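Not measured: the values here are computed from a predicted model. The sequence lines fix the lettering, A, B, ..., with proteins before strands; numbering per chain opens at 1.
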Amino acid sequence: MTGYTATVTVRLKHGVLDPEAETTQRALERLGFELDDLRSADRFEIDLDAADADEAGERAGEMADRLLANPTIHDYEVEVAERE
Amino acid sequence: MTVSVIQFGGSNCDRDAVRALSHLGVDAERVWHADGLPTDTDGIVIPGGFSYGDYLRAGAMAARQPIMGEVREAAADGTPVLGVCNGAQIGCETGLTDGAFTTNRSARFQCEHVHLRIERADTPWTAAYDEGDVIEVPIAHGEGRFEIREDRLDTLEAEDRVLFRYCDADGDATQGANPNGSTANVAGILGARETVAVMMPHPERATLPDIGGTDGQGVLRAFAE
């Protein structure tokens, strides 16, 4: 078994309204920053032991399917790196 | 009929629900989620509140507690199940109903009275009303915007499973009368069976005459049958 960190990034699907991101963007603009758009995302870093990187990614994907993301509004991606 | 009102850590409308049901002569009791569903349960309310502090997403944690497996089984067997506010979020998260309730378009917590149009009157939840009736009930939520995949919305509409829509006092479901940006002004929907419903507004807060308005009584009367 090898130690991995699986990073799951959960984002709103394209086209789903993100009022918090819009509010954050407006606050940045009030501070004088110029920007075209702002998107927010949730990132989960999961440490786990697995036989290989594929297995680690698969398990993290299942976690996203069953809890971390809501398929009605979210897309997610999983990246796996060996833990040092 | 004994209604189990399921209490999670952070639920805060459980007592209101018991009080409102008792006022209508319905036997109701609070049930701590970890104790499981009592065997004499004839009806289930998933009450409002902030279960698990809305961690991750409103309702996400409560939806994955073991008691919700029992609730899904009971729902599939025809036991009436009503999810209100946080209970509606839990209902969607646990798959009792389609779609999701997420951050209000305003990005604010909104606590106000709204009008709802009864979309169909042939369900246990709306038998006390006529189709097209307008009722006034309160909302109190930060994550009440109904979202659903477009094709699933088509199915929901085609199967006539929208129960309540936000509307103005005349019953028109306008954008101006939509408090939170919900898709198609949806405020409440049915699950796979007509005995399962979720709604963001609070019928139990519009049941006791002393606290203003009794328009919500009809919804809870589903349990009085």
Any idea which donor-acceptor pairs are under 3.5 Å between chain A and chain B?
residue: A:Leu17; atom: O; partner: B:Arg145; partner atom: NH2; Å: 2.9
residue: A:Arg66; atom: O; partner: B:Arg64; partner atom: NE; Å: 2.7
residue: A:Arg66; atom: O; partner: B:Arg64; partner atom: NH2; Å: 3.1
residue: A:Leu67; atom: O; partner: B:Arg57; partner atom: NH1; Å: 3.1
residue: A:Leu67; atom: O; partner: B:Arg57; partner atom: NH2; Å: 2.7
residue: A:Leu68; atom: O; partner: B:Arg57; partner atom: NH1; Å: 2.9
residue: A:Asn70; atom: ND2; partner: B:Glu93; partner atom: OE2; Å: 3.3

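With a 4.5 Å cut-off on non-hydrogen atoms, A:Ala69 touches chain B through its backbone but not through its side chain. Using a 4.5 Å cut-off between heavy atoms, A:Leu17 contacts chain B through both its backbone and its side chain.
Residues B:Leu56 and A:Phe44 are in side-chain contact: their nearest non-hydrogen atoms beyond the backbone lie under 4.5 Å apart.
Across A:Leu67, A:Ile73, A:Leu68, A:Val10, the residue that shares the most heavy-atom pairs under 4.5 angstrom with chain B is A:Leu67.
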